[in-house]
Amino acid sequence: MTQPKILKIFNTQSGKKEEFVPLIPGRVSMYVCGVTVYDYCHVGHARSAVAFDVIYRYLKRLGYDVNFVRNFTDIDDKIIKRANERGVPWTDITREFIDAFYEDMGRLNIEKPSNEPLATDHIHDMLAMISTLIERGHAYPADGDVFYSVRSFKDYGQLSGKNIEDLQSGARIDVNETKKDPLDFALWKKSKPGEPFWDSPWGQGRPGWHIECSAMSAKLLGETFDIHGGGKDLVFPHHENEVAQSCGATGHKPVRYWMHNGFVNIDKEKMSKSLDNFFTIREIFEKFHPETLRLFLISCQYRGPIDFSQHNLEEAEKVATRFYEALESAQALLDKRTEVNLPNLEKDIEAHSLLSGFDEAMCDDFNTAVAIAHMNEALKALNPCLQKANPDINNVRKIAVISGALRKVGNLLGLFHSSPEDFKATAFNRKKAESGIDPAKVEALILERNNARAEKNWAVADQKRDELIALGVILEDGPEGTTWKLK
RNA sequence: GGUGCCGUCGCCAAGCGGUAAGGCCAAGGUCUGCAAAACCUUUAUCGGCGGUUCGAUCCCGCCCGGCACCUCCA
């Protein structure tokens, strides 16, 4: 990028968009809460992954050297429970779902972060932090457990906008006899017989959920780092507790910009395990191309809710198809017109209005919805050039520039990673399965129709077309013959 | 009960003080033997009522409707 842009980020902490200024010029340190590996990822996980992937990619475009850490929570009650249900070692569970996670993320075209620490590889860092918290009077051991004393931290609640009195009056906090205060949360949990454990000064046990992020972010990014992200549901208590832990241990705030993505909803309700209204990513991929899911997820601003439905995915699929088809024809034309020299193409691409519009949108708190609107405008400029039977040199160049700009912006959003054939094949296969159509029958009817057309027997040709339409088949007569697709 | 968020064209979705981006769908047109694709054109005053302002979808208040967090959760 030639022109420096001012990036604005909505900071959960302040509730406002703020100008982004990294702690160290030219560098960004970013930590995003990953997943607990006890099950397959659902669409909600996909949203978070895609949102921060787009953010990661864009920070790099702005020229930052980004140190991006995304953790795996690989020790937790749910993992132990799942292992017991299956009668296998808990490490079998974590290994299986880490592999599945990588498979899903790979298909979604999520870039690998700089570092992906496992909680269990950092137990010693957590123990050190817990000891510091005890020394500083922010935590206390109690019968093998260690708890954080929430009332020892005067700013508790400042991230999520809660105050201790309100939390206390809410009757949903579990009562635990060993806690001094019901608001206190576990830093270390004593293990029960048969459960995995690590040795600690307080006996055998395992870490509480929140401590891993505080310990690993400090270890890998420093006591103060730029961006911490995750789903909105993590604001309280997880991120609130992280702030308490880190501030308690170091005396200063760990995070400069807190970013939270909105939920994926089903019929206006949050998609969640407890409501049992979730879809796994791999279920979606059985019907839709990963890029369709990706485009759907970035078709609105990352902070708001997004309603998940087959209808909305189909709409995203249409949009993606239009882009793929235009890009495909542009490429075909450019391949044919190799005699046209295209000097300084990259420079013209970067200078195209799509790039400036894209940058403006992204600098406004990563507004991907507006970015996609600009892509549609570019597409609208590209298509008329593609209409021309034999475009002149200027048009060829225009096609090269606009399609290049579209590809570039698309790639920055993680799109156009597939081939047009693969992309269209996914939609075709789904429709074929849903309609139960027989391709051989379609081909036969098309042949009959084309025979009639060759004899200029339009009545028969149209009758065959009507039959095909009744089947949901749409014909396209092109210079290289007739192709068909499903409605 | 406490705390936030949201309500923009039939549908999805930006904008958030100066008279509403984009997409889907629909209609008309160009093209086509007819179609399809593509292109062109057309479609909203922003949940309701007050207030602040020269001016409000955008600020404030109240109301109606929906959601979320306060418990594991992306």
Side-chain angles (χ1 to χ4, degrees), chain A residues 12 15 32-36 38-39 41-52 73 76-78 81 157 160-163 165-174 183 209 229-238 240 260-265 267-275 278 295-296 299-301 303-307 309 311-312 314-319 321-322 325-326 329 357 361 364 367-377 379-380 382-388 449 453 456-459 461-462 465-466 468-469 473-478 482-485 487:
Chain A
T12 305
V32 173
C33 287
V35 294
T36 301
Y38 74 104
D39 206 347
C41 289
H42 64 231
V43 180
H45 297 111
R47 185 178 196 193
S48 183
V50 168
F52 288 101
T73 298
D76 154 278
D77 291 347
K78 293 185 290 293
K81 186 173 168 228
S160 55
K162 302 191 181 305
N163 68 63
E165 312 317 319
D166 289 343
L167 288 170
Q168 192 120 56
S169 61
R172 301 170 74 180
I173 296 160
D174 67 325
L183 294 175
W209 175 36
K232 264 193 162 66
D233 46 355
L234 299 181
V235 177
F236 190 92
H238 187 236
E240 191 67 59
H260 297 279
N261 64 273
F263 296 132
V264 175
N265 289 162
D267 296 328
K268 304 261 180 194
E269 270 190 327
K270 175 186 172 182
M271 180 184 288
S272 74
K273 296 271 172 146
S274 46
L275 288 170
F278 64 92
L295 181 62
F296 163 69
S299 65
C300 62
Q301 221 275 342
R303 275 187 287 125
I306 183 168
D307 234 32
S309 67
H311 174 264
N312 288 162
E314 282 171 359
E315 199 174 296
E317 186 176 69
K318 280 182 196 168
V319 174
T321 304
R322 259 171 17 105
E325 285 182 342
S329 351
D364 183 17
N367 196 329
T368 50
V370 169
I372 292 167
H374 288 305
M375 288 174 70
N376 276 305
E377 281 159 5
L379 185 64
K380 231 171 163 175
L382 173 64
N383 277 327
C385 304
L386 261 17
Q387 289 286 104
K388 298 190 168 73
R449 172 172 169 274
R453 287 174 72 213
K456 295 200 190 300
N457 189 343
W458 307 128
D462 288 347
R465 174 193 284 287
D466 289 342
L468 286 159
I469 287 173
V473 174
I474 295 168
L475 300 180
E476 291 185 21
D477 296 327
T482 301
T483 58
W484 61 283
K485 60 185 184 182
K487 198 177 177 188

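In what follows, chains are A, B, ... by sequence order, proteins preceding strands, each numbered from 1.
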**Q** Whole angstroms only, please: what is the CD-C1' distance between A:Glu476 and B:A38?
**A** 10 Å
**Q** Do the non-hydrogen side-chain atoms of A:Phe278 and A:Val43 ever get within less than 4.5 Å of each other?
**A** no
**Q** Rounded to the Å, how far apart are A:Asp307 CG and B:C6 C1'?
**A** 12 Å
**Q** Can a cation-pi geometry be assigned to A:Lys268 and A:Phe263, taking NZ or CZ under 6.0 Å from the six-membered ring centre and within 45° of the ring axis?
**A** no
**Q** Answer yes or no: side-chain N or O of A:Arg47 and base N or O of B:A74 forming a donor-acceptor pair under 3.5 Å.
**A** no
**Q** Considering every strand and a 4.0 Å limit on heavy-atom distances, what is the contact class for A:Val264: base, sugar-phosphate, or nothing?
**A** base
**Q** Would you indicate what A:Lys232 reaches in the nucleic acid, counting non-hydrogen atoms under 4.0 angstrom: base, sugar-phosphate, or nothing?
**A** nothing
**Q** As a test of reading the structure: which of B:A13, B:A74, B:G33 is closest to the side chain of A:Cys300, going by heavy atoms?
**A** B:A13
**Q** For a quick test of reading the model: is some side-chain N or O of A:Lys270 closer than 4.0 Å to OP1 or OP2 of B:A74?
**A** no
**Q** Would you classify A:Met375 as touching base, sugar-phosphate or nothing, given that sugar-phosphate means primed atoms plus P, OP1 and OP2, and contacts are heavy atoms under 4.0 Å?
**A** nothing
**Q** Looking only at side-chain N and O atoms, does A:Arg322 offer a donor or acceptor that is under 3.5 Å from a partner on A:Asn383?
**A** no
**Q** For the pair made of CE in A:Met271 and P in B:A68, what is the distance, rounded to whole Å?
**A** 13 Å
**Q** From the options B:G2, B:A74, B:A21, select the nucleotide whose nearest atom is closest to the side chain of A:Lys162.
**A** B:G2
**Q** Given side chains that start at C-beta, do those of A:Val370 and A:Asp364 come closer than 4.5 Å, heavy atoms only?
**A** no
**Q** So what does A:Asp233 touch, heavy atoms closer than 4.0 Å: a base, only the sugar-phosphate, or nothing?
**A** base
**Q** Measure from the side-chain heavy atoms of A:Ile474 and tell me the nearest of B:G22, B:A36, B:C25.
**A** B:A36
**Q** How far, in whole Å, is B:G18 from B:G2 if one measures between their C1' atoms?
**A** 39 Å
**Q** With heavy-atom distances below 4.5 Å as the criterion, would you say the side chains of A:Arg47 and A:Ile306 are in contact?
**A** yes
**Q** Using both distances under 3.5 Å as the test, list the Watson-Crick or G-U wobble partner of B:C62, or none.
**A** B:G48
**Q** Is it true that a side-chain atom of A:Asn265 and a backbone atom of A:Asp267 form a donor plus acceptor pair closer than 3.5 Å?
**A** no
**Q** Expressed as a whole number of angstroms, how long is the span from A:Asp364:CG to B:A13:P?
**A** 18 Å
**Q** Can you figure out which of B:A37, B:C12, B:G23 approaches the side chain of A:Lys380 most closely?
**A** B:G23
**Q** In whole Å, I'd like the distance from the CG atom of A:Asp477 to the C1' atom of B:C31.
**A** 13 Å
**Q** Report the distance from atom NE2 of A:His374 to atom P of B:A14, rounded to the nearest whole Å.
**A** 14 Å
**Q** Output the single nucleotide from B:C11, B:G33, B:A74 whose closest atom is nearest the side chain of A:His311.
**A** B:C11
**Q** Determine yes or no for a side-chain-to-main-chain donor-acceptor pair under 3.5 angstrom, with A:Arg303 supplying the side chain and A:His260 the backbone.
**A** no
**Q** Give one of base, sugar-phosphate or nothing for A:Lys318, where a contact means two heavy atoms less than 4.0 Å apart.
**A** sugar-phosphate
**Q** Remember a base hit wins even if backbone is also touched, and classify A:Lys456 as base, sugar-phosphate or nothing at under 4.0 Å, heavy atoms.
**A** nothing
**Q** Under 4.0 Å between a side-chain nitrogen and a carboxylate oxygen: does that hold for A:Lys162 and A:Glu240?
**A** no
**Q** With respect to the side chain of A:Arg449, which nucleotide from B:G33, B:C39, B:A68 is positioned closest?
**A** B:G33
**Q** With the side chain of A:Asn383 defined as its heavy atoms from C-beta on, choose the nearest nucleotide among B:A38, B:G66, B:G15.
**A** B:A38
**Q** Sort out the partner of B:G18 for me: Watson-Crick or G-U wobble, both distances under 3.5 Å, none otherwise.
**A** B:C54
**Q** For A:Glu325, which contact category applies under a 4.0 Å heavy-atom criterion: base, sugar-phosphate, or nothing?
**A** nothing
**Q** Rounding to an integer number of Å, can you tell me how far A:Glu314 CD sits from B:G23 P?
**A** 19 Å
**Q** Between atom CZ in A:Phe263 and atom C1' in B:C72, what is the gap in whole Å?
**A** 13 Å
**Q** Among B:A74, B:C72, B:C11, find the nucleotide with the atom closest to the side chain of A:Pro237.
**A** B:C72
**Q** Can you find a donor-acceptor pair, distance only, under 3.5 Å between A:Asn367 side chain and B:G15 base?
**A** no
**Q** Hey, does the side-chain of A:Arg322 have a donor or acceptor N/O within less than 3.5 Å of a partner on the base of B:G22?
**A** no
**Q** Identify whether any heavy atom of A:Gly262 sits under 4.0 Å from a base atom; if not, whether one sits that close to sugar-phosphate; answer base, sugar-phosphate or nothing.
**A** base
**Q** Write down the partner of B:G4 under the Watson-Crick or G-U wobble criteria, each distance required to be under 3.5 Å.
**A** B:C67
**Q** Which is true for A:Gly44 with a 4.0 Å heavy-atom rule: it touches a base, it touches only sugar-phosphate, or it touches nothing?
**A** base
**Q** Compare the minimum distances between each of B:C24, B:C67, B:A21 and the side chain of A:Glu315, then state the nucleotide with the smallest one.
**A** B:C24
**Q** Do the side chain of A:Glu377 and the base of B:G22 come within less than 3.5 angstrom through a donor-acceptor pair of N or O atoms?
**A** no
**Q** Report which part of the nucleic acid A:Asp462 touches: base, sugar-phosphate, or nothing (heavy-atom distance under 4.0 Å, all strands).
**A** base
